[in-house]
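Here is the naming used below: chain letters follow the sequence lines, and residue numbers restart at 1 for every chain.
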Amino acid sequence: MTQVQNPPVTTTTTTAAGKYVGQAVDRVDGAVKTTGEARFAAEVPYANVAHAALVHSTVSRGRITAVDTTAAAAVEGVISVITHENAVRMRPPSKVSPIDIDSMASGTTVNYLNTDQVSWNGQPIAVVVAETPHAAHEAAGLVRATYEVQPSTVDFKAEAPNAEPQPSSLILPSGGSKGDAEAALAAAPVSVDLRFTTPMHHHNAIEPHATTAVWDGDRLTVHEASQSVVWVRKHLAHKFSVPAEGIRVIAPFVGGGFGGKANVWAGTILTVLAARMTGRPVRMLLTREGVYRTVGGRTPTIQRVALGARSDGHLTSLIHTSVSQLGRVGGMAEPVTSQSSHLYAADNLLLKQEIVKLDQIANTSMRAPGEAIGTYAIEVAIDELAAELGMDPIELRMVNEPETDPLHGRKFSHRMLREAYARGAERFGWANRSPEPGVTRDGRWLVGMGVATAYHPSFQLRANVTVRVSVDGGVLVRCGFQEMGMGGATAQAQIAADALGVPFESVRVEYGDTALPLAPMAGGSAQTASVATSLLAACEKLKKSMLELAKKSSESPLRGARAADLSARDGGLFHGGRGETYASILARAGIPSVDAAIGSETRLGDLVGNMRFMSKFLMDRRRWVKAACGAQFCEVRVDADTGEVRVSRWLGVFDVGTVINAKTATSQLKGGIVMGIGAALSEESLVDPRHGRVMNPSLAEYHLPVHADVPRIDVEYLDVPDPTMPLGLLGIGEVGITGVAGAIANAVHNATGKRVRDLPITLDKLL
Amino acid sequence: MKTFAYLSAPDVPSAVRAISTEPGAKFLGGGTNLVDLMREGVEAPDTVIDITRLPLTGVEELPDGGVRIGALVRNSHLAANQLIRSRYPLLSQAILTGASAQLRNMATVGGNLLQRTRCLYFYDSAAACNKREPGSGCDAIGGFNRGNAILGASESCIATHPSDMAVALVALDAVVEVESVRGTRRIPLVDFHRLPGTTPQVETVLEADELITAVELPPLPLAATSRYRKVRDRASYAFALVSVAAALEVEGGVVTGVRIALGGVATKPWRAHEAERVLLGAPATDESFRRAAEAELAPAVGRSQNEFKIELAQRAIVATLRTLLTEGGAA
Amino acid sequence: MVDIRMRVNGVEEKVDLSPQVSLLDALRGELGLTGTKKGCDQGACGACTVLVDGERINSCLALAVQYDDRDITTVEGLAGEGEAHPLQKAFIRNDGLQCGYCTSGQLCSAVGMLAEHEAGAPSAVTEHLCATDVELSEDEIRERMSGNLCRCGAYNGIVASIKEVAAS
């Protein structure tokens with residue numbers, strides 16, 4: 001298959017560029033990750049470490065009537081077999097509070113091994129601790145449980161008709177309406193009314209969840225594959241009734257998360273329990289199957305999108321409803337229709353989310369929860385309506401591009417979808433697309449082009465940061481944020497270097513550790529902006545302190561200077577041609593370093609910070625609609641005989657505000673697109689409707705995209721700063737996956753004339 | 001993985017002697033399937049006899065123009081062998097579409113013939129599976145069976161044989177040479193694998209104490225124009241939904257020689273005798289190809305999720321033969 | 001327990017281990033070489049790829065006892081004296097990594113792949129099967145590297161890195 005390359009793009013540097021911000025800097029941890037030096041959670045050496053393995057239930061609901069551990073305990077090297085019969089007591093997870101984001105830390109409501117109740121097929125019912133990993137796994141395979149089986153409800157599709165309205169919360173609204181969308185739909189001269197389904201997905205970070213836990217009295221050290229060291233610490237303190245201050249959670253390297261490592265799941269708790277009960281350092285790297293059995297995935301959905309339009313394309317009605325699932329033991333109601341309140345200027349709108357609760361593990365967030373699969377349905381529906389209208393699908397979008405947020409009339413802080421589409425159409429050669437489907441052919445391949453809108457809301461969380469400048473000129477940024485490949489440390493080093501006017505190489509960033517100032521979880525594409533806000537404030541504070549310090553000396557060239565007149569450059573502070581380096585200021589003062597801190601770690605400080613955050617969050621939400629968005633263009637080839645689909649070309653033009661690092665940002669966006677290609681074409685967790693068990697818990701049978709599935713992807717930025725966000729950046733972790741499945745489905749239609757409204761688009765649906 | 005005793009056999013006589021005295025023993029080649037199944041608890045040998053040091057790694061041309069392949073030749077080495085690439089290209093292609101380069105560097109020819117199904121219920125010890133646990137039932141029949149067999153299945157088992165290489169070999173009339181303390185046997189590959197019937201746990205005619213030592217390919221000039229086409233859920237590194245191994249010879253517009261075998265659709269590597277019968281002497285046209293494909297798939301039985309394979313297999317057969325005709329130089 | 005010897009990254013190692021122990025667990029657990037990663041433990045992701053006598057294999061499906069007296073190279077052994085392997089440098093330059101967990105496997109796999117290509121081995125997308133001087137196009141690289149999954153989706157950067165090194 002030949003692949004046509006997009007024309008080269010000349011520049012990706014940003015208009016908001018400083019000396020480093022906006023540059024394509026190599027990631028700072030590249031060397032340790034390419035030499036094998038980086039130690040992940042299961043790799044930190046401890047003398048005398050024991051190894052743990054889980055035993056999973058084989059029924060979806062019931063009571064454990066007996067567990068036979070005799071054979072397991074007899075395996076050479078086994079230290080302990082822990083079940084609900086001998087596990088020490090732990091506190092059950094606390095109730096989720098709508099105003100405390102940290103209360104959402106626990107993945108499920110189950111008090112593992114403190115109950116004989118089984119709530120899903122695969123729930124851990126025992127943990128084996130042994131001298132070696134192979135002894136632990138061999139013994140785990142020998143634990144035999146008997147159950148009193150209780151009736152269970154596990155079939156999502158069968159239960160969907162009984163769905164109930166999803167409760168709305170301040171953070172996650174569950175819908176909204178304007179006018180009478182159903183009546184407008186019925187009256188519309190042109191309309192579509194479509195049903196879509198998306199399957200359960202799993203994150204499948206290549207690093208399975210891993211924990212190394214070491215107790216010392218009531219003090220605990222945990223090396224954890226986590227997207228939120230703070231949540232792990234808080235939850236473990238609660239579970240084991242020990243002070244959070246005595247718990248240190250460390251996660252400098254995390255082998256991918258995508259939402260799967262955001263909450264605290266059974267493996268973490270049971271490793272800590274095993275360490276508590278055996279008095280040994282204990283390590284557990286989940287098996288791949290173990291990840292599927294004990295960590296939630298993305299909910300399956302059934303969605304309806306109905307659109308009514310005048311013959312000129314103006315939308316009179318937009319209806320998007322969804323049914324998604326929760327576990328009876330918890331989960332996050334996925335905001336499937338969220339993007340549909342912001343995308344199109346329809347006269348009437350109806351958005352509604354419903355849920356069913358099943359005897360399955362709690363679902364959880366997975367990259368762009370809501371938008372990843374919601375954009376599939378709405379964007380295919382727009383394409384179908386365009387076909388009904390005989391309009392170009394980009395033109396239909398432009399006709400309905402809103403000036404203000406369609407549902408509530410709020411202002412967009414920033415919206416450049418028109419520019420994204422114009423630029424993308426030109427560069428991708430959209431004009432060459434045949435509007436008639438099924439007519440473009442290249443040998444055995446049917447060729448089609450598709451387009452869809454990418455959209456993901458932007459927001460910020462709370463982060464505490466300290467910055468230190470030392471007499472050797474070095475800068476140390478300390479913040480307990482998470483790094484799992486996004487390039488966060490690199491981006492913050494660039495930001496600090498520009499803010500302080502020091503060389504990038506002189507900045508060191510410490511992260512991924514609860515011993516550092518508290519930072520939010522990595523989620524919601526919010527981390528870079530959240531940390532940057534505090535980092536910039538800390539740098540300002542630091543510069544003021546340095547000025548004050550300099551002014552104490554009569555010899556300082558900064559004497560008499562005002563903070564407002566200063567520029568930070570060349571490793572120090574200058575006004576006009578006069579100034580001096582931080583190193584010189586510190587040396588003269590005889591001080592090794594100066595720190596500046598943003599945020600308080602006291603209980604009161606934390607409370608005040610949280611209240612301030614919530615009020616800012618809600619006020620911001622009332623004033624602005626903020627989002628990263630973009631236009632996804634793709635070309636697919638479909639084998640005319642077999643229906644095999646190959647993506648042959650991709651261009652994403654993104655409006656993500658300021659780009660801090662063109663290299664790592666591009667990787668993030670491409671990564672989202674690759675994951676979207678998987679969701680579009682091959683990914684599906686197979687939950688057996690007879691007993692609720694995931695039947696393909698393996699990377700061999702759950703098909704992630706491989707090298708051969710991924711063409712060259714081109715990413716371009718509009719690169720205009722958002723006026724409401726720090727440095728104008730909007731967050732890039734999730735917007736890349738949105739719109740991808742829609743663009744592919746639309747391209748498949750353009751190639752074949754077939755609409756596939758059930759993901760994944762496997763070849764059997766195209767025969 | 002259950003604890004086991006480990007022996008390493010230096011030569012064939014000691015290997016077959018060892019297995020004849022160890023009832024719970026298994027030979028271990030590249031380990032790509034057996035080690036995985038042992039870790040999953042599906043296989044639990046008491047003793048593992050490592051045969052990777054046996055001198056069965058040669059690929060030799062035979063006096064009659066055929067080729068003899070040692071049972072321990074690595075898949076990647078066989079695929080890269082120039083004799084195979086030039087005389088039996090479908091075999092090289094079949095191997096190269098299987099698994100990944102890393103696995104092909106480990107997997108052996110003999111082991112490939114013995115690899116076990118990827119049926120989801122075979123792999124999950126919580127599920128009913130007659131192949132894993134005779135008499136327990138078959139959860140695949142009423143469950144996820146998109147990857148399962150439409151040919152050669154029974155009410156006991158609908159598991160697909162997962163090999164690509166074996167599909168090409170069965171098209172080539174390969175012969176398997178096996179050895180035990182009782183001596184040497186030669187088994188045509190087409191008879192080597194058994195249909196599941198009521199005993200799906202018995203997958204081949206190989207006795208428990210027999211060792212595969214070689215695979216022989218007879219001379220087959222028409223195989224120089226041959227092809228392996230694999231249809232799957234991603235572009236690489238996935239098991240076949242349908243695969244077609246085909247060789248075609250056409251003279252004066254008429255099919256004068258043909259070999260077809262199918263993978264991904266049957267409980268064993270499936271030689272398409274019926275399609276070959278229809279094609280031989282028929283005009284080399286799309287119509288003939290389609291008629292042959294229909295004849296081969298006539299007895300196919302679709303289950304809840306794999307019905308599509310009946311049509312897909314036919315299309316893949318036609319497409320592969322068409323490619324051989326137009327691009328492969330069969331005419 | 002079985003005594004085995006291996007040369008790992010040029011260093012003679014003696015280990016005494018149970019035959020159940022995979023080469024992967026022996027490297028990570030016994031020798032402390034944790035650069036080689038465990039992603040699936042079933043030959044489905046490639047994170048555990050190492051080189052044995054120069055050939056790439058999945059160390060998770062290899063019992064260590066089978067590799068007695070062999071030469072093993074892991075990611076820790078790719079660099080030369082004081083200098084990174086050209087692929088290591090190219091991965092950083094082209095951002096062929098994000099979280100870093102599949103990276104060791106990608107690197108070892110790429111080293112093995114370049115050697116296979118150099119030796120004239122074909123792939124499933126090689127048009128002329130008998131040719132021994134196949135051009136290492138992006139499609140060829142993608143097919144030959146498909147045994148190494150990357151969930152972060154760094155595939156473009158990895159392919160660019162390999163292409164760059166192959167051309168030099």
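The backbone N or O of A:G692 sits nowhere less than 3.5 Å from a side-chain atom of A:W120 that would complete a donor-acceptor pair. Remark: the backbone N or O of A:S119 is paired with a side-chain donor or acceptor of A:Q123 at under 3.5 angstrom. Between the side chain of B:T160 and the backbone N or O of B:A149, at least one donor-acceptor pair lies under 3.5 Å. Between the side chain of B:K131 and the backbone N or O of B:P200 there is at least one donor-acceptor pair closer than 3.5 Å. A donor-acceptor pair is defined here as one N or O able to donate and one able to accept, closer than 3.5 Å; no such pair exists between the side chain of B:E43 and the backbone of B:L37. A donor-acceptor pair is defined here as one N or O able to donate and one able to accept, closer than 3.5 Å; no such pair exists between the side chain of A:E635 and the backbone of A:R649. Using modelled atom types, no side-chain atom of B:T267 and backbone atom of B:A159 make a donor-acceptor pair closer than 3.5 Å.
When only modelled atom types and interatomic distance are considered, B:E296 and B:W270 share a side-chain donor-acceptor pair under 3.5 Å. A:Y292 and A:N696 share no donor-acceptor pair across their side chains, judged by distance under 3.5 Å alone. A donor and an acceptor atom, one from each side chain of A:E683 and A:Y702, are located under 3.5 Å apart. Looking only at atom types and distance, the side chain of B:R290 has a donor-acceptor partner in the side chain of B:Q314 under 3.5 Å away. Using modelled atom types and a 3.5 Å distance limit, the side chains of A:S60 and A:H691 yield no donor-acceptor pair. A:T287 and A:E289 share no donor-acceptor pair across their side chains, judged by distance under 3.5 Å alone. At a cut-off of 3.5 Å, with distance as the only test, no side-chain donor of B:R104 or B:N75 sits close to an acceptor on the other residue. A:S682 and B:R234 share no donor-acceptor pair across their side chains, judged by distance under 3.5 Å alone.
With a 4.5 Å cut-off on non-hydrogen atoms, A:D639 touches chain B through its side chain but not through its backbone. Proximity to chain A (any heavy atom under 4.5 Å) is shown, for B:Y123, by neither the backbone nor the side chain. No part of A:E76 comes within reach of chain B, as not one of its non-hydrogen atoms sits under 4.5 angstrom from that chain.
Within residues 62-71 of chain A, no residue approaches chain B closer than 4.5 Å by heavy atoms. Of all residues in residues 140-147 of chain B, those placing a non-hydrogen atom less than 4.5 angstrom from a non-hydrogen atom of chain A are B:G142, B:G143, B:F144, B:R146. By a heavy-atom distance cut of under 4.5 Å, A:E138 are the residues of residues 129-144 of chain A near chain B, going up by number. Proximity to chain B among residues 751-766 of chain A is limited to A:T762, A:L763, A:D764, judged by heavy-atom separations below 4.5 angstrom.
For the pair A:S152 and A:D359, the tightest heavy-atom approach, listed with the atom from each and the gap, is CA-OD2, 3.2 Å. Minimum heavy-atom separation, A:W445 to A:R646: CH2-CG, 3.7 Å.
The candidate from B:E40, B:K2, B:R229 with the greatest count of non-hydrogen atom pairs under 4.5 Å with chain A is B:R229. Interface remark: of the candidates B:D124, B:L241, B:D233, B:D124 forms the most heavy-atom pairs closer than 4.5 Å to chain A. Of all the listed residues (B:S125, B:G41, B:A127, B:A126), the one sharing the greatest number of non-hydrogen pairs under 4.5 Å with chain A is B:A126.
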Check against side-chain contact (heavy atoms from CB on, under 4.5 Å), B:L279 and B:S288
CA-CA 6 Å; B:L279 276 174; B:S288 303; 3.9 Å; yes
